[in-house]
Amino acid sequence: MTINESATTAPAPSAERPPVVTTMPRLGRGVCWGDIKREIELDELEREARLKEAA
């Protein structure tokens with residue numbers, strides 16, 4: 001081994017983690033995510049209306 005060989009080092013391996021996959025929880029029979037999303041949107045609209053009335 002020569003001086004030049006010992007000075008060169010191999011590049012460090014990448015420390016990237018694999019992507020995290022999350023799944024949606026199972027819902028009860030007859031319930032879909034669209035229904036839940038719509039309920040959340042309606043709650044937001046009601047909250048905005050109350051804030052306007054209070055102002």
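Quick note: residue numbers are just sequence positions, from 1. Below, each value reflects all heavy atoms present in this structure, side chains not excepted, and no hydrogens, waters or symmetry copies.
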Quiz item: Do you reckon Leu42 sits in the same ILVMFWY cluster as Ile36, going by side-chain contacts under 4.5 Å, direct or chained?
Solution: no
Quiz item: In terms of side-chain geometry, is the basic nitrogen of Arg38 or Glu41 positioned less than 4.0 Å from the acidic oxygen of its partner?
Solution: yes
Quiz item: Tell me, do Asp35 and Glu39 make a side-chain contact under 4.5 Å, heavy atoms counted?
Solution: no
Quiz item: If you measure from CD on Glu48 to CG on Asp43, what distance do you get to the nearest 0.5 Å?
Solution: 11.5 Å
